[in-house]
Amino acid sequence: MAFKEILLNMGPQHPSTHGVLRLKVALDNEVVMKVTPVLGYLHRGMEKLFENRTYQQITPLTDRFDYLAAISNNLGYLLAVEKLMGIEVPKRAQYIRVIFTELQRLASHLAWVGFFANDIGAMSVLLYGFIEREDILEIFEEYSGARLTVHAFRVGGVPTDINDKIIDMINTFILKLPKRIADIETLLTGNRIWKHRTIGVGVISPEDAISLGLTGPSLRSTGIKWDIRKDIPYSSYQDFQFEVPTSANGDLYDRYVLRLEEIKQSMRIIRQALDTLPQGETLTKVPRVLKIAPGEVFHSIEAPKGELGFYIKSNGTDKPERVKMKSPSFINMQSLETMCLGNLFADIVAVLGSLDIVLGEIDK
């Protein structure tokens with residue numbers, strides 16, 4: 001029987017495209033032949049806004065990129081600014097940054113496992129993930145007053161020290177989270193329906209992953225052990241003992257297992273940072289009006305979704321001449337078609353969910 005191509009649009013209003021995303025899909029019956037992402041429906045223009053704000057005013061704007069990992073965005077941008085200025089952040093502030101950034105990684109991964117399971121049809125896991133994420137948001141609220149778009153850091157360090165109440169909240173959360181992760185694993189890891197929908201689906205090879213610029217858990221699921229926290233340490237990550245989990249199959253199941261393991265490693269880092277928290281200042285003195293000598297810099301971090309980088313060009317004024325963001329959601333989208341080809345139409349939503357994209361970070 002001759003092949004007859006069927007063309008379909010998923011989105012931009014489709015709920016399972018995780019925001020304002022349109023996918024142009026070509027099918028042979030139910031088999032995916034081609035997937036073309038169509039971006040740009042948000043019209044945010046954030047990078048252009050940066051050129052009209054001072055360096056300090058830009059920081060809260062970074063909260064709005066990946067709004068499920070606002071603190072990671074803060075850190076990536078501020079490390080680039082501090083590198084351009086040539087200033088050293090106090091050790092205590094570096095440890096506090098690590099604590100909150102890893103809490104943000106936990107919040108992001110807990111939301112992801114819930115959304116991903118919900119995409120495939122497991123509603124209970126979404127509730128489990130959000131119950132524990134709520135505790136993290138309460139810690140953020142106690143520290144900064146915000147829950148989602150958290151403005152946690154400042155140029156030169158952190159605005160306030162962490163007190164005993166926040167430390168107790170973090171310790172209580174770290175003690176109870178392993179049981180919830182065990183509950184999620186009981187529901188999903190050995191579930192035959194879950195394994196049928198994820199094992200061998202959305203596969204990508206290490207070679208394709210590298211050529212397409214894939215980073216984060218999706219890259220490490222192909223067996224490539226690359227984590228910027230380990231390979232190019234920043235903010236004192238070299239002081240902590242933790243593993244970089246990898247697997248070899250590069251499918252949906254491996255991406256799920258890896259993120260759960262990353263949650264466990266993040267808890268390990270937080271415990272170490274709290275136990276060895278140095279004494280001292282939490283903020284380096286910087287001028288109220290920040291004018292940086294002409295120059296340019298690029299700095300990247302390991303965000304929950306992958307490599308997050310900022311390029312900043314200074315012209316000597318209090319506003320940058322150019323800020324360019326390398327966002328993991330945008331880069332990782334390139335691999336969607338490679339992962340979907342030959343799979344069923346019903347698998348597109350699962351593959352897309354496994355990439356953990358946020359459209360606020362794509363249409364930047």
Side-chain angles (χ1 to χ4, degrees), residues 59 62 65-66 68-84 88-89 91 93-109 112 152-153 204 206 209-247 250 254-255 258-270 272-273 296-312 323-335 355-358 361-362 364:
T59 313
T62 64
F65 283 124
D66 177 4
L68 294 177
I71 291 179
S72 298
N73 302 340
N74 289 173
L75 183 62
Y77 167 73
L78 290 174
L79 286 174
V81 172
E82 290 156 1
K83 186 175 181 181
L84 189 59
E88 183 71 20
V89 174
K91 198 72 170 177
Q94 292 184 32
Y95 273 50
I96 293 171
R97 284 179 168 187
V98 167
I99 290 167
F100 280 104
T101 305
E102 290 305 314
L103 283 170
Q104 185 71 86
R105 192 183 312 277
L106 292 177
S108 179
H109 282 357
W112 172 83
F153 306 146
I204 188 168
I210 291 174
S211 66
L212 291 167
L214 199 62
T215 58
S218 298
L219 174 67
R220 292 188 284 273
S221 73
T222 67
I224 297 172
K225 198 170 187 176
W226 174 257
D227 188 314
I228 297 175
R229 295 173 296 173
K230 276 281 191 183
D231 297 294
I232 315 174
Y234 55 89
S235 198
S236 296
Y237 269 105
Q238 67 275 9
D239 295 351
F240 308 113
Q241 298 294 319
F242 65 99
E243 303 300 323
V244 178
T246 60
S247 54
D254 279 9
R255 294 197 271 281
L258 270 182
R259 285 187 174 90
L260 289 188
E261 186 57 38
E262 285 194 5
I263 287 174
K264 298 171 185 176
Q265 295 301 322
S266 289
M267 288 191 288
R268 185 178 171 191
I269 294 171
I270 293 167
Q272 293 176 63
E296 56 185 357
V297 72
F298 177 80
H299 194 280
S300 59
I301 67 167
E302 188 68 34
K305 295 167 175 58
E307 181 180 350
L308 170 66
F310 283 90
Y311 165 82
I312 303 176
V323 177
K324 177 66 178 175
M325 177 185 175
K326 179 185 178 183
S327 58
S329 292
F330 181 76
I331 301 296
N332 290 352
M333 275 291 292
Q334 295 182 112
S335 64
L355 288 174
D356 192 16
I357 64 163
V358 165
E361 192 175 72
I362 291 176
K364 56 189 184 300

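- Between Glu307 atom CD and Leu219 atom CG the span is 10.0 Å, to the nearest 0.5 Å.
- Residues Ala273 and Ile99 come closest through the heavy atom pair CB-CG1, 3.5 Å.
- Here the options are Phe153, Phe310, Phe65, the test is side-chain contact (heavy atoms from CB on, under 4.5 Å), and the partner is Tyr77; only Phe310 passes.
- For the atom pair OG (Ser218) and CD1 (Ile224), the distance works out to 11.5 Å, reported to the nearest 0.5 Å.
- Arg97 places no side-chain N or O within 3.5 Å of a backbone atom of Ser236 that could act as its donor or acceptor partner.
- Counting all heavy atoms, side chain and backbone alike, Pro245 lies closest to Gln265 at CD-CG, 4.4 Å.
- How far CG of Leu308 is from CG of Leu75: 9.0 Å, rounded to the nearest 0.5 Å.
- In terms of heavy-atom proximity, Gly306 sits nearest to Thr215 at CA-OG1, 3.4 Å.
- Side-chain atoms of Asp254 do not come within 3.5 Å of backbone N or O of Ser247 as any donor-acceptor pair.
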Output side-chain donor-acceptor pairs under 3.5 Å for residues 226-233, partner residues at least two apart or in another chain, one line each.
{"from": "Asp227", "atom 1": "OD1", "to": "Arg229", "atom 2": "N", "distance (Å)": "2.9"}
{"from": "Asp227", "atom 1": "OD1", "to": "Arg229", "atom 2": "NE", "distance (Å)": "3.1"}
{"from": "Asp227", "atom 1": "OD2", "to": "Arg229", "atom 2": "NE", "distance (Å)": "3.4"}
{"from": "Asp227", "atom 1": "OD2", "to": "Arg229", "atom 2": "NH2", "distance (Å)": "2.8"}
{"from": "Arg229", "atom 1": "NH1", "to": "Glu102", "atom 2": "OE1", "distance (Å)": "3.2"}
{"from": "Arg229", "atom 1": "NH1", "to": "Glu102", "atom 2": "OE2", "distance (Å)": "3.3"}
{"from": "Lys230", "atom 1": "NZ", "to": "Phe242", "atom 2": "O", "distance (Å)": "3.0"}
{"from": "Asp231", "atom 1": "OD2", "to": "Asp227", "atom 2": "N", "distance (Å)": "2.9"}

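- Looking at Ile204 and Arg255, their side chains come closer than 4.5 Å, going by heavy atoms from C-beta outward.
- When the side chain to side chain contact (heavy atoms under 4.5 Å, CB included) test is applied to Leu84, the partners found at least two apart in sequence or on another chain are Ile292, Val297, Ile312, Ser314.
- Separation of atoms CD1 (Ile263) and CG (Leu258) is listed at 11.5 Å; rounding is to 0.5 Å.
- When side chains are defined from C-beta on, Pro304 counts as touching His109, because their heavy atoms get closer than 4.5 Å.
- Minimum heavy-atom separation, Thr222 to Ala209: CG2-CB, 4.1 Å.
- Scanning both residues, Tyr311 and Phe298, for their nearest heavy atoms gives N-CD1, 3.8 Å.
- Contact annotation: the side chain of Asp239 approaches that of Lys91 to within less than 4.5 Å [non-hydrogen atoms, C-beta and beyond].
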Stepwise, does the side-chain contact (heavy atoms from CB on, under 4.5 Å) test hold for Ser327 with Lys364?
CA-CA 9 Å; Ser327 58; Lys364 56 189 184 300; 3.8 Å; yes
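- Distance CG/Leu79 to CD1/Ile301: 7.0 Å, rounded to 0.5 Å.
- The environment of Tyr234 atom OH is dense: over 12 non-hydrogen atoms of other residues, nucleotides or ligands sit within 6.0 angstrom.
- Inter-residue side-chain proximity for Glu262 and Pro217 is flagged as met; some heavy-atom pair is nearer than 4.5 Å.
- For Glu243, there are no side chain to side chain donor-acceptor pair (under 3.5 Å) partners, not counting sequence neighbours.
- Val89 is not listed as a side-chain neighbour of Ser235, based on a closest heavy-atom distance of 4.5 Å or more.
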### Task
Apply the test salt bridge (Lys or Arg N to Asp or Glu O under 4.0 Å) to residues Arg220 and Glu261: give CA-CA distance (whole Å), side-chain angles for both, the deciding distance (0.1 Å), then the verdict.
CA-CA 12 Å; Arg220 292 188 284 273; Glu261 186 57 38; over 6 Å; no
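- The structure places CD1 of Ile270 at 9.5 Å from OG1 of Thr101, a figure rounded to the nearest 0.5 Å.
- Between Gly213 and Asn332, the shortest heavy-atom distance links the atoms O-OD1, 4.1 Å.
- Side chain of Arg268 to backbone of Gln241: a donor-acceptor contact under 3.5 angstrom is found.
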TODO: Go through Glu361 and Lys305 one step at a time and tell me if the salt bridge (Lys or Arg N to Asp or Glu O under 4.0 Å) criterion holds.
DONE: CA-CA 10 Å; Glu361 192 175 72; Lys305 295 167 175 58; over 6 Å; no
